[in-house]
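What you see is a predicted model; the values in this text were computed from it and never measured.
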Amino acid sequence: MFSNIGWSEMMILLVAALVILGPERLPGAVRWTTRSLRQVRDYASGATSQLKEELGPEFDELRKPLAELNELRNMSPRAAVTKHLLGGDDSVLRELETAVPDKQQLFGTSSGMPGGSGSSAPTLAKPLGHNERPPIDPDAT
């Protein structure tokens, strides 16, 4: 519930509560807050169990799309491709990684690059100035 609040923010809140409430009322306020949070949590879990009892198997059908959505949110692009396109078998991707040479092998010599001029390192374009626009390629537009 308080996952976005760090220790420094907690200390600031504690000092502010101490200044506002005073040392004599602070313990009672902390007890009241923890009791209220516990009741809210109990109400939420009670509502969930009551829905589960009333809806029965339909409750699981309602939760299934939400669980799938949460699973997709936590997936990397590679995991998504592996799961949905390759059926969970990532051996194709592993074989592809071993088959593709390193960047050093790819760009280290110009013999492997088309249109190489014999130099060992690829030429890089100079960075653009402050108000300079990039060149336009009419064939690409």
Side-chain angles (χ1 to χ4, degrees), residues 1-117 119-141:
M1 180 175 198
F2 294 108
S3 62
N4 294 338
I5 298 177
W7 287 107
S8 59
E9 289 92 356
M10 284 288 216
M11 291 303 296
I12 290 171
L13 289 174
L14 183 64
V15 169
L18 184 62
V19 169
I20 293 170
L21 296 174
E24 61 275 349
R25 287 189 285 177
L26 187 60
V30 170
R31 276 193 299 270
W32 178 84
T33 303
T34 55
R35 191 178 320 120
S36 299
L37 287 174
R38 193 174 300 125
Q39 281 180 341
V40 167
R41 190 177 30 196
D42 290 343
Y43 290 148
S45 63
T48 304
S49 62
Q50 186 178 3
L51 272 174
K52 195 180 265 187
E53 288 174 7
E54 290 179 7
L55 293 177
E58 295 173 1
F59 184 76
D60 292 331
E61 292 175 16
L62 290 173
R63 288 182 55 136
K64 187 176 179 183
L66 293 175
E68 290 175 359
L69 181 64
N70 282 335
E71 184 181 330
L72 286 177
R73 282 184 183 162
N74 296 331
M75 247 188 220
S76 67
R78 180 182 178 138
V81 167
T82 301
K83 180 179 179 187
H84 296 289
L85 297 180
L86 301 175
D89 181 26
D90 69 339
S91 62
V92 174
L93 295 176
R94 281 188 271 127
E95 290 173 7
L96 186 62
E97 284 177 348
T98 58
V100 174
D102 299 2
K103 288 182 184 179
Q104 191 73 15
Q105 290 175 340
L106 257 165
F107 298 116
T109 61
S110 63
S111 62
M113 294 178 58
S117 61
S119 66
S120 63
T123 58
L124 300 174
K126 70 173 189 145
L128 297 176
H130 180 64
N131 291 328
E132 197 174 352
R133 292 188 175 202
I136 296 176
D137 184 9
D139 293 333
T141 54

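The shortest side-chain heavy-atom distance between D90 and R78 falls under the 4.5 Å cut-off.
Atom CG of L55 is separated from atom CZ of R63 by 12.0 Å, given to the nearest 0.5 angstrom. To the nearest 0.5 Å, the span separating OG on S36 from CZ on R41 amounts to 12.0 Å.
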Quiz: residues 5-33 side-chain donor-acceptor pairs under 3.5 angstrom, not counting sequence neighbours:
from : atom 1 : to  : atom 2 : distance (Å)
E9   : OE1    : G6  : N      : 2.9
R25  : NE     : L21 : O      : 3.2
T33  : OG1    : A29 : O      : 2.8

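Looking at residues two or more places apart in sequence or on another chain, you find a side chain to side chain contact (heavy atoms under 4.5 Å, CB included) between K52 and F59.
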